[in-house]
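In what follows, every chain begins at residue 1, and chains take the letters A, B, ... in the order their sequences are listed.
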2 protein chains.
Amino acid sequence: MKKKNTQQVEFFREKCRSLGLNVTPQRMAIYKALVGDETHPSPDAVFRRVRLSHPTISHATVYKTLDTFERHGIISRLTPLHESVRYDPMTSQHHHIVCVRCKKVVNLSDGELGTIQIPAQVKREYRVLGYSVHFSVLCASCKDRE
Amino acid sequence: MKKKNTQQVEFFREKCRSLGLNVTPQRMAIYKALVGDETHPSPDAVFRRVRLSHPTISHATVYKTLDTFERHGIISRLTPLHESVRYDPMTSQHHHIVCVRCKKVVNLSDGELGTIQIPAQVKREYRVLGYSVHFSVLCASCKDRE
DNA sequence: TTACCTGCAAAAGGTTTGCAGGCTA
DNA sequence: TAGCCTGCAAACCTTTTGCAGGTAA
């Protein structure tokens, strides 16, 4: 346990070094909080957790740090289309092609993708209402602009 | 074209009738705006579009109506976890099991699901960076509470 | 020492709510 | 007519921004 913790710390230091990021106590605390959290936390959840060991941390630092981590690939975002809620008039099962840069979304009909085998363990543990595949892409125009 | 429009109107009237929803000019306008929109619009985008033909409509009505439509299954939401941004410390490709009721999210490792064949047309048109499958479920405790 | 990072406070969106008046069925 | 729906305005909540001071390298 102790050893695992040390490994995490070293991993993070090395990662920051290679990315040119300063290692600050706040960043370290936020990183540790994330690694130990299976709940896919919101920024505020991270804030509340980090504050236990680091009472003077601010929301702004948490937001900025999470953003920095994400831009450098240290963590990922569960909610890539967060700018606002978005709706789809299609209610039957289908899939989405999302441009990570301009956030355009295109539907892909269910039939165009083979059937996905839902793992038995998932079926056993949950009532599965449906699934959809989300492709992260660069669209034609964003690809050109890179 | 004219005929298709009439069909939409009738379909919507019937849908509302069967759900016990009043058919109002605002709801009709919002429904029409959605059906004609492939861009997966935000509430504000719907608002701006509807306002062209219905200048006195309010944001509140648009928000309430979209929510009503979604709760009755007339449209679907692209962003089920919109309450706030959420992060995941895992950056390698994996999938998500999301409880539609309590919004808990559990990871499913990539290997536990067979390989998905990315349609050739998608590969041709986009630079595909990755994909993830999103299972909409009721978790054990939410299932019991239904 | 220098550039980067933090924390505060204020501002900026996006979304929700309460309520009075209006409309559908 | 009764209950549902709309529009306004204010409140709310999450997230971003600017800036002055502090810290890592």
Closest non-hydrogen atom pair, His94(A) against Leu108(A): CB-O, 3.4 Å
Which nucleotide wins on minimum distance to the side chain of Tyr63(B), given the candidates dG7(D), dG14(C), dG7(C)? dG14(C)
Checking all strands, does Thr56(A) fall into the base, sugar-phosphate, or nothing category for heavy-atom contacts under 4.0 angstrom? sugar-phosphate
Would you indicate which nucleotide in dG7(D), dA24(D), dA25(C) comes nearest to any side-chain atom of Asn22(A)? dA24(D)
When you measure from the side chain of Arg27(B), which nucleotide among dT6(C), dT15(C), dC5(D) comes out closest? dC5(D)
Quick note, Ala60(B) side chain, CB onward, closest among dC8(D), dT17(D), dT15(D) is dC8(D)
In whole angstroms, how far is the P atom of dC5(C) from the CD1 atom of Ile57(A)? 14 Å
Counting only side-chain heavy atoms from C-beta out, which of dG18(D), dT15(C), dT24(C) sits nearest to Pro25(B)? dT24(C)
Salt bridge check, Asp88(B) against Arg77(A): does any charged N sit closer than 4.0 Å to a carboxylate O? no
What integer distance in Å separates Glu83(A):CD from dT15(C):C1'? 15 Å
Atom NE2 of His54(A) and atom C1' of dG22(D): how far apart are they, to the nearest Å? 13 Å
Presence of Gln26(B) side-chain N/O under 4.0 Å of dC23(C) phosphate oxygens OP1/OP2: no
Round to a whole Å and report the spacing from NE2 of His82(B) to P of dG13(C). 15 Å
Comparing Ser84(B) with Val23(A), nearest DNA chain D nucleotide closer to 5' gives the residue Ser84(B)
Please determine if a side-chain N or O atom of Thr24(A) lies less than 4.0 Å away from the OP1 or OP2 oxygen of dC4(C). no
Rounded to whole Å, the CE-P distance (Met28(A) to dT6(C)) equals 12 Å
Check every atom of dT15(D), dG7(D), dT6(C) against the side chain of Val85(B) and return the nucleotide holding the closest atom. dT15(D)
Would you mind reading off the distance between Arg71(B) atom CZ and dT16(C) atom P, rounded to a whole angstrom? 11 Å
What's the separation between atom CG in Asp67(A) and atom OH in Tyr87(B), rounded to the nearest 0.5 Å? 6.0 Å
Can you check the Phe12(A) CZ to dA24(D) P distance for me, whole Å? 13 Å
Nearest-Å distance for atom pair CG/C1', residues Asp44(B) and dG13(C): 10 Å
dT17(D), dT15(C), dT15(D): which one has an atom nearest the side-chain heavy atoms of Lys64(A)? dT17(D)
What pair of heavy atoms forms the shortest contact from Asn22(B) to Arg27(B), and how long is it? O-NH1, 2.9 Å
Strictly distance-based, threshold 3.5 Å: is any side-chain N or O of Ser76(B) a donor or acceptor partner for the main-chain N or O of Met90(A)? yes
Both Arg13(B) and His59(B) contact DNA chain C. Which one's nearest nucleotide lies toward the 5' end? His59(B)
